[in-house]
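Notes to accompany the following structure.
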Amino acid sequence: MDLQLKDKIVLVTASSKGLGKATALEFAKEGATVLVSSRTEETLARTVEEIKQLTNNERVYAKTCDMSSVEDINALFAWIKTEFGGVDILVNNTGGPTAGGFKDLADEDWMTAFEKNLLSYVRTTRAVLPHMQENDFGRIINISSSSTKEVIDGLILSNTFRSGMVGLTKSLAREYAKHNILVNTIGPGRIATDRVAELDRLAASRQSISIEDVIKRSENLIPIGRYGQPEEFAKVVLFIASPANTYMTGQSLIIDGGMLKAL
Ligand SMILES: NC(=O)c1ccc[n+]([C@@H]2O[C@H](COP(=O)([O-])OP(=O)(O)OC[C@H]3O[C@@H](n4cnc5c(N)ncnc54)[C@H](OP(=O)(O)O)[C@@H]3O)[C@@H](O)[C@H]2O)c1
């Protein structure tokens, strides 16, 4: 299937590692112009070089941006406007919120997670919509978590703000469908990245068991029997975010190897 991405400009935020990087790589393989961003300049520069080498696509560009910072997001979009005019496809991603249960968190943690994990997506979306409306084309993917369907114990900030993301996605999808702007949420179950390794380390220390045992227990909950790989997640994102998807909008999908029992 031709995903029709060759003339598209794609922004993937929080993309120097993990799911964001894998998604940027898949877009670059399809010949899109790919813009990557995250907080750390050196990691980003390495990511750009790696993607270029693996794909022979030279149209990969980077700018640092902390998704918690409105100034950084404004600067990112000022750069995009000057250099590229706008983006056709936005993949919203950001770092995971602080782990913890209700008693572990103060107002400051809640405010930080709100700004990083929900308001950041509102801000980037606001920035891309005018160009998308002008072109009568746009695709927005909001990367979330399986916590949107089944809460994860010890991740109350994710459970709270990612559900907000699903509401945001549905409302945007309905408001902007007439402009051919399709908006969907895609959440990972357990995909092998640094974030999941960190959460496994925390679980091992909390339960006083080895990391290997934590992983074995998690894998036992996944019918496919293993963690996913970032590229398995990215390939799904690619289709839903591409012009080849012409009718799916407002949905919240989970890529989890069958892990969730929720309907
Ligand atoms: N992997 C999974 O199975 C899984 C499951 C559920 C939810 N998620 C969620 O999916 C998202 C991506 O996770 P991942 O597994 O790919 O994580 P990861 O491997 O740790 O990668 C995170 C990426 O985000 C960047 N980043 C972190 N904080 C940022 C910020 N404030 N602003 C901009 N960029 C930031 C990091 O680069 P810098 O550090 O250089 O900024 C890095 O490129 C997270 O929100 C995570 O909670 C993942």
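Ligands are counted one by one from 1 in listed order, and the atoms in each one are counted from 1 as well. In this chain, residues are counted from 1 in sequence order.
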(message) Is the terminal nitrogen or CZ of K116 (NZ for Lys, CZ for Arg) located under 6.0 angstrom from the six-membered ring centre of F161 and within 45° of that ring's axis?
(response)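 So K116 doesn't make the cation-pi contact.
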Starting from [atom], which protein heavy atom do you reach first, and at what distance in Å?
atom                    : answer
atom 33 (C) of ligand 1 : C65 O, 3.2 Å
atom 31 (N) of ligand 1 : D66 OD1, 2.9 Å
atom 17 (O) of ligand 1 : R195 CB, 3.3 Å
atom 40 (O) of ligand 1 : T40 OG1, 2.6 Å
atom 16 (O) of ligand 1 : L19 N, 2.8 Å
atom 48 (C) of ligand 1 : P188 CG, 3.5 Å
atom 14 (P) of ligand 1 : T193 OG1, 3.6 Å

(request) Would you kindly say whether D256 and Y227 are connected by a side-chain donor-acceptor distance under 3.5 Å? (result)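 There is no such pair (donor and acceptor under 3.5 Å, judged by atom type) between the side chains of D256 and Y227.
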(message) When you compare the side chains of T169 and T185, does any donor N or O come within less than 3.5 Å of an acceptor on the partner?
(response)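 Yes, side-chain donor-acceptor contact under 3.5 Å.
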Any side-chain heavy-atom pair of [X] and [Y] under 4.5 Å:
X    : Y    : result
T125 : I140 : yes
K21  : V36  : no
S147 : L155 : no

List every atom of ligand 1 that sits less than 4.0 Å from any heavy atom of [X], numbering the atoms from 1 in the order shown and giving each element.
X    : value
G18  : 16 (O), 19 (O)
K116 : 31 (N)
G189 : 3 (O), 5 (C)
I191 : 1 (N), 2 (C), 3 (O)
S68  : 31 (N)

Compare [options] and give the one whose heavy atom is closest to [atom].
atom                    : options         : answer
atom 9 (C) of ligand 1  : K17, M67, R162  : R162
atom 7 (C) of ligand 1  : G187, S144, A24 : S144
atom 23 (C) of ligand 1 : A99, A14, S16   : A14
atom 11 (C) of ligand 1 : V196, I186, N93 : N93
atom 41 (O) of ligand 1 : E198, E41, R39  : R39

(request) Could you tell me whether some N/O pair between T94 and ligand 1 is separated by less than 3.5 angstrom? (result)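 Yes, T94 has an N/O under 3.5 Å of an N/O on ligand 1.
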(request) Indicate yes or no: does an N/O atom of P97 lie under 3.5 Å from an N/O atom of ligand 1? (result)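 No, no N or O pair falls under 3.5 Å.
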(message) Hydrophobic clustering (ILVMFWY, side-chain heavy atoms < 4.5 Å, transitive) - are V128 and L168 grouped together?
(response)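 Per the 4.5 Å side-chain linkage, L168 and V128 are co-clustered.
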(message) Under 4.0 Å between a side-chain nitrogen and a carboxylate oxygen: does that hold for E26 and K29?
(response)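 A salt bridge links E26 with K29.
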(message) Are W79 and Y61, when compared by the centres of their aromatic rings, separated by less than 6.0 Å?
(response)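 No, ring centres 6.0 Å or more apart.
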[atom1] ([X]) with more than 12 external heavy atoms under 6.0 Å:
X    : atom1 : answer
E41  : CD    : no
D107 : CG    : no
I209 : CD1   : yes

(request) Of the side chain and backbone of K21, name the one, both, or neither that has a heavy atom under 4.0 Å from an atom of ligand 1. (result)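 Near ligand 1, K21 shows nothing, with every heavy atom at 4.0 Å or more.
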(request) Give a yes or no answer on whether the side chain of N142 reaches the backbone of N92 with a donor-acceptor pair at less than 3.5 Å. (result)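 Not a single qualifying donor-acceptor pair exists.
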(message) Tell me whether ligand 1 is touched by S146 - counting only heavy atoms on the residue side and a distance under 4.0 Å.
(response)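 Checking ligand 1 against S146, which is what was asked, there is no heavy-atom contact under 4.0 Å.
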